[in-house]
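Not measured: the values here are computed from a predicted model. All residue numbers in this chain count up from 1 along the given sequence.
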Amino acid sequence: MNSASGYASRGFYRRSDKAMIGGVCAGIAEHFGFNLRVTRLLAIIALLAAFPFAVVGYLAAVVLIPAHPSATKPILDPDEERIRETVRRSPSMAAAEVQQRSRSIEERLAKLEKYVTSSRYSLDREFDRL
């Protein structure tokens, strides 16, 4: 796999649906998980610091980076969208939530395993067969 195909498989696109001008900042922010406002602020600072280079670079990005294929974008259910937003906002909080959920699942699994291996389970199955 060459670097171009690996780059394309990660889904780096301009986001015209969140665009102010060309959607480059929105695409960069989404791809790398940055805050969109901070990304735009950094682009403005780059524009002020190196005007001709920033303009040429931005225009090149608009031409070279493909637009997001919004027509083929899968519709996310509300839970998945909430999880993505939580991870974007605070990865450490999202990790803590995952740990708490996995502890809860492990506790439920331990209770289930204890019940299935108990004599009570065998007795309940015998009664169900009657």
Side chain to side chain contact (heavy atoms under 4.5 Å, CB included) between L123 and F127, intermediate numbers included: CA-CA 6 Å; L123 185 62; F127 281 127; 3.7 Å; yes

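- Between the T117 side chain and the E113 main chain, a donor and an acceptor come within less than 3.5 Å of each other.
- Taking CD of Q99 as the reference point, atom CD of E106 lies at 10.5 Å (rounded to 0.5 Å).
- Taking OG of S92 as the start and CD of E97 as the end, the distance is 11.5 Å to the nearest 0.5 Å.
- The shortest heavy-atom contact between D124 and Y115 is OD2-OH, 2.6 Å.
- Contact annotation: the side chain of K111 never approaches that of R108 to less than 4.5 Å [non-hydrogen atoms, C-beta and beyond].
- A salt bridge is absent between E85 and R82: the closest approach of a Lys/Arg side-chain nitrogen to an acidic carboxylate oxygen does not fall below 4.0 angstrom.
- A donor-acceptor pair under 3.5 Å is absent between the side-chain atoms of S16 and the main chain of A19, judged by distance alone.
- E126 CD to Y121 OH: the interatomic distance, rounded to the nearest 0.5 Å, is 11.0 Å.
- Within the 3.5 Å criterion, the main-chain N or O of G23 finds no donor-acceptor partner in the side chain of R14.
- Under a cut-off of 6.0 angstrom, the local environment of CZ in R120 is sparse, with at most 12 non-hydrogen atoms contributed by other residues, nucleotides or ligands.
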Show me the side-chain donor-acceptor pairs of residues 35-63 shorter than 3.5 Å, one per line, residues at least two apart or across chains.
residue: N35; atom: OD1; partner: R37; partner atom: N; Å: 2.9
residue: T39; atom: OG1; partner: N35; partner atom: O; Å: 2.9
residue: R40; atom: NH2; partner: K18; partner atom: O; Å: 2.5
residue: Y58; atom: OH; partner: G22; partner atom: N; Å: 3.1

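- From Y13, atom OH reaches atom CD1 of I65 across 12.0 Å, with rounding to the nearest 0.5 Å.
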